[in-house]
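When a ligand or atom number is given, it counts from 1 through the structure's own listing order. Bear in mind the structure is a predicted one, so any value in this text is a computation, not a measurement. By convention here, the first residue in the shown sequence is residue 1.
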Amino acid sequence: MSKNKSSESVKVVVRCRPLNQKDESNGPAGGIVQMDLRLGQVILRNPRAPASEPQKTFTFDAVYDANSKQRDLYDESVRPLIDSVLAGFNGTIFAYGQTGTGKTYTMQGAWLDPERRGVIPNAFDHIFTHISRSQSDKQYLVRASYLEIYLEDIRDLLDPNHGSAKALELRESPESGVYVRDLTSCVCKSIKEIEEVMNVGNQARAVGATDMNEHSSRSHALFLITVECSQPGPDGRKHIRVGRLNLVDLAGSERQAKTGVQGERLKEAAKINLSLSALGNVISALADGRSSHVPYRDSKLTRLLQDSLGGNAKTVMVATLGPASQHYDETLTTLRYANRAKNIQNQPRVNEDPKDALLREFQMEIARLRAQLHHRKWRSKQKKEQVDGEGWERDGDEETEGEEDEGAEKEAEDYVKLEEQRLEREKQDIREDQFLLAEEKQRLLGEKERMMGDLRKEQEATEQLTAKYKAMESKLLVGGKNIIDHTNEQQKMLEMKRQEIAEQTRREREIQQQMLVRDEETVELRETFTSLQQEVEAKTKKLKKLYAKLQCIKAEIQDVNDEHVRSRQELEQTQNELTRELKFKYLIIENFIPPEEKNKIMNRLTFDPEEDQWKFQPLVPAESKSSQMKKRPASAVGYKRPISQYARVAIAMGPHSRYRAENIMFLELDMTPPNTASLDRSAESEPNQSHSVDNSPTKDRGVRKSRSWCQTPKSITSSSSNVSLAACHTATPMTAQ
Ligand code: ADP
Ligand code: MG
């Protein structure tokens with residue numbers, strides 16, 4: 001399955017949005033972010049630090065400033081990834097950053113304005129344009145799904161019962177990695193259809209929340225596109241490549257203010273933090289390269305992105321920043337995060353001929369339907385031959401597939417028409433035949449009527465089959481055929497040129513970055529000094545530079561330490577809150593749930609790491625019901641429980657109380673439920689009997705009285721039981737036995 005084993009790092013690009021009115025009204029004027037587009041550097045100024053403190057510089061694969069266009073970001077940083085997905089790689093683009101910094105703007109943008117359309121609509125255009133321009137021997141199947149992770153629950157945004165539906169489960173298979181079970185996926189045949197899917201999902205997201213902004217900045221949204229492509233290989237067989245694209249709009253990364261947050265909100269804040277901090281931990285573990293354990297299982301988000309971070313996918317991370325000085329801390333955190341993610345290595349590979357390719361199933365189903373249709377055609381042809389006595393004139397094998405299908409349809413229609421006409425004629429003949437008896441006429445007409453009915457049924461079945469076949473076939477997109485490419489040659493050329501320029505800019509930036517690194521390394525090798533004075537000057541300069549660097553690193557260490565302290569304090573606070581909640585629950589359990597009930601429940605509970613949930617074990621495991629049932633030991637046959645030979649003898653010898661065992665109550669349901677009125681009456685009506693029972697301890701004491709597991713009713717009546725259970729209330733207890 002693997003084609004390309006070489007590893008490549010996660011591409012990280014940073015985008016800064018323009019200053020808006022809110023920023024300007026809330027804080028001091030001027031931004032704190034500067035960008036060097038040529039070198040791909042972000043320079044961050046600390047508004048609280050003295051001017052002498054050096055600014056922080058981060059280098060990325062590309063940076064986009066406030067004036068950047070959506071199209072630039074797409075062409076330079078996203079287009080190559082989508083091309084890889086179309087070639088059968090898995091790909092992920094995720095936007096990460098503080099709320100309000102432009103994650104949704106980058107991923108979705110303004111759909112109606114061509115200039116401001118984001119990554120997702122541009123990717124739709126790209127995918128379907130690519131299909132329309134590809135060779136006609138390629139068949140494609142495009143599917144889309146849309147989900148969100150809210151409070152660590154996965155919700156299907158395309159499910160009509162989104163609001164009330166149960167959270168979906170994550171599963172893992174060696175074939176397709178981590179996937180979501182029962183997630184709706186819609187086959188899309190055009191840009192319009194896939195946009196419709198996106199709209200439906202976005203609406204569900206809006207409906208599910210009381211406050212859209214609040215909700216969307218607290219939930220992670222994942223739009224998944226699967227592109228399956230089948231193409232004949234050199235061996236003549238059709239090979240399928242499956243590319244999966246994850247488009248992810250994460251929740252805002254800012255720290256949720258802890259103070260005053262309680263109940264649901266606390267839970268929510270803790271869970272969002274959990275997902276994002278789990279993502280942070282995964283990124284750290286992967287970037288570090290030394291840790292053997294990567295905590296993917298800590299959250300649903302990281303499990304879903306398992307392939308994209310350190311797995312077999314190609315990944316682009318777009319970190320979004322705001323330029324406002326009041327958000328310096330968040331901006332710095334985002335940059336650190338992004339900087340770390342650069343070091344993650346993935347091993348992208350092409351998914352070739354996976355077992356679960358839906359396209360293969362579609363192709364097989366289409367072939368089956370076509371075979372059925374052919375069979376029908378053959379049958380109707382044969383019948384036609386019989387009807388009009390003509391020979392098999394045309395050679396079906398010489399026709400092409402399309403002609404063949406059309407021919408078959410026409411032929412079937414002709415046959416049906418001819419047959420109908422023939423039957424009508426025959427009916428007419430029968431009606432006009434004066435030699436036939438009325439009864440006989442009726443019978444023959446009825447028969448013809450039935451034949452007409454059969455014919456129509458047959459025709460309907462064929463029509464249904466044809467409709468099904470056509471519907472199935474229309475879902476597959478054929479290269480260069482299904483979608484009409486409206487762009488003219490000039491536009492195509494323009495597009496290509498733009499792509500070339502984007503490619504060139506990218507390469508130029510890479511070279512510039514490499515040169516910068518090399519310059520620093522080699523500058524001292526090239527230096528020769530003519531005088532001591534010059535050497536001193538040069539070295540002093542260098543010393544100053546290195547000293548500045550040292551200061552930078554020291555400040556960085558201080559920052560990281562501060563951040564650790566802060567996050568530790570937050571974790572401790574969360575821990576305290578959770579402990580308090582735990583104590584509360586304990587109090588309730590210890591004081592209000594009987595210990596034996598608690599134990600029963602505890603014994604039945606098991607932890608399902610797959611779903612990160614405690615679950616009740618079924619009382620009898622469903623699958624092993626028969627094997628779980630113990631066979632009755634031979635010594636227990638005929639008795640309620642195993643019994644020794646000695647006890648048996650003792651029972652036979654006489655009703656020894658020791659061997660009466662403990663099963664002394666009848667546990668069968670009382671068929672006449674106790675009813676106070678009737679009880680009283682029965683007590684009144686038969687006072688003597690009840691009296692006599694009470695007075696004779698040796699006599700049987702009624703329904704609830706003892707019957708030993710091994711004694712016959714007779715032995716009970718003669719037993720000397722002194723068990724005094726509930727007072728007897730039924731006059732004839734033994735008759736029930
Ligand atoms: P997020 O999804 O990160 O919370 P949004 O994408 O909703 O943030 O962006 C917040 C606001 O900023 C929106 O009104 C959006 O139009 C605007 N915005 C974000 N990025 C840009 C940009 N690069 N250019 C212009 N406007 C932007
Ligand atoms: Mg958003």
Side-chain angles (χ1 to χ4, degrees), residues 13-27 31-35 37 42 60 62-78 93-122 146-150 155 157 198-199 201-206 208-223 246-257 268-269 272-273 275-276 279 301 316-324 326-327 329-331 333-335 337-338:
V13 306
V14 171
R15 186 180 204 187
C16 182
R17 71 155 167 74
L19 263 176
N20 60 23
Q21 284 172 346
K22 206 170 142 207
D23 296 333
E24 279 168 14
S25 60
N26 284 354
I32 50 167
V33 178
Q34 263 182 17
M35 286 182 155
L37 306 186
V42 182
F60 296 100
V63 294
Y64 298 92
D65 63 8
N67 302 319
S68 63
K69 298 215 168 58
Q70 297 272 46
R71 197 80 225 178
D72 297 340
L73 183 129
Y74 188 82
D75 283 339
E76 272 180 44
S77 302
V78 183
I93 305 163
F94 68 96
Y96 176 88
Q98 191 195 350
T99 303
T101 49
K103 293 183 298 295
T104 308
Y105 181 82
T106 301
M107 293 309 288
Q108 304 210 19
W111 286 70
L112 300 177
D113 181 354
E115 282 292 306
R116 284 161 54 213
R117 281 158 75 84
V119 166
I120 294 177
N122 279 325
Y146 199 6
L147 62 89
E148 69 171 348
I149 307 176
Y150 184 60
R155 302 192 196 176
L157 289 171
M198 182 99 216
N199 274 340
N202 281 344
Q203 271 164 22
R205 221 181 157 196
T210 44
D211 179 346
M212 174 60 189
N213 278 332
E214 188 74 348
H215 176 87
S216 76
S217 61
R218 281 158 180 270
S219 81
H220 310 288
L222 259 90
F223 194 83
N246 303 315
L247 299 155
V248 191
D249 184 2
L250 292 179
S253 65
E254 66 279 358
R255 286 205 164 80
Q256 307 292 326
E268 194 178 281
I272 289 170
N273 280 348
S275 261
L276 284 172
L279 183 67
L301 178 70
V316 173
M317 169 178 179
V318 185
T320 56
L321 310 175
Q326 63 266 37
H327 299 311
D329 288 335
E330 278 84 6
T331 306
T333 314
T334 305
L335 283 170
Y337 220 109

Contact partition for Q98 relative to ligand 1, non-hydrogen atoms under 4.0 Å
backbone
Which segment of A110 sits under 4.0 Å of ligand 1 when only heavy atoms are counted
neither
Less than 4.5 Å apart, any side-chain heavy atom of T334 and any of T101?
no
Taking the side chain as everything from C-beta on, heavy atoms only, tell me whether V318 gets closer than 4.5 Å to M107.
no
When you measure from the heavy atoms of R116 to every atom of ligand 1, does any distance fall below 4.0 Å?
no
2.8 Å cut-off met by an N, O or S atom of T99 to the Mg ion (ligand 2):
no
Does [X] reach ligand 1 with a nitrogen or oxygen that is under 3.5 Å from one of the ligand's nitrogen or oxygen atoms?
{"X": "T106", "result": "no"}
{"X": "T320", "result": "no"}
{"X": "G102", "result": "yes"}
{"X": "R17", "result": "no"}
{"X": "G100", "result": "yes"}

Between V78 and N122, does a side-chain contact (heavy atoms from CB on, under 4.5 Å) hold up when you go through it step by step?
CA-CA 9 Å; V78 183; N122 279 325; over 6 Å; no
Any residue meeting ring pair (Phe, Tyr, Trp, His ring centres under 6.0 Å) with F223, in chain and number order, not counting sequence neighbours:
F124, Y146
Subset of ligand 1 atoms that lie under 4.0 Å from at least one heavy atom of [X]:
{"X": "K103", "answer": "1 (P), 2 (O), 3 (O), 4 (O), 6 (O), 8 (O)"}
{"X": "T99", "answer": "4 (O)"}
{"X": "R15", "answer": "23 (N)"}
{"X": "P18", "answer": "21 (C), 22 (C), 23 (N), 24 (N), 25 (C)"}

What residues, two or more places apart in sequence or in another chain, satisfy salt bridge (Lys or Arg N to Asp or Glu O under 4.0 Å) together with D75?
R71, R79, R498
Do E148 side-chain atoms and G201 backbone N/O form a donor-acceptor pair below 3.5 Å?
no
Could you tell me whether the side chain of K103 and the main chain of A95 form a donor-acceptor pair under 3.5 Å?
no
Considering all heavy atoms of both residues, which atom of P18 and which atom of P323 are nearest to each other, and what is their separation?
C-CG, 4.0 Å
Indicate whether the side chain of Y64 and that of S77 have a donor and an acceptor atom separated by less than 3.5 Å.
yes
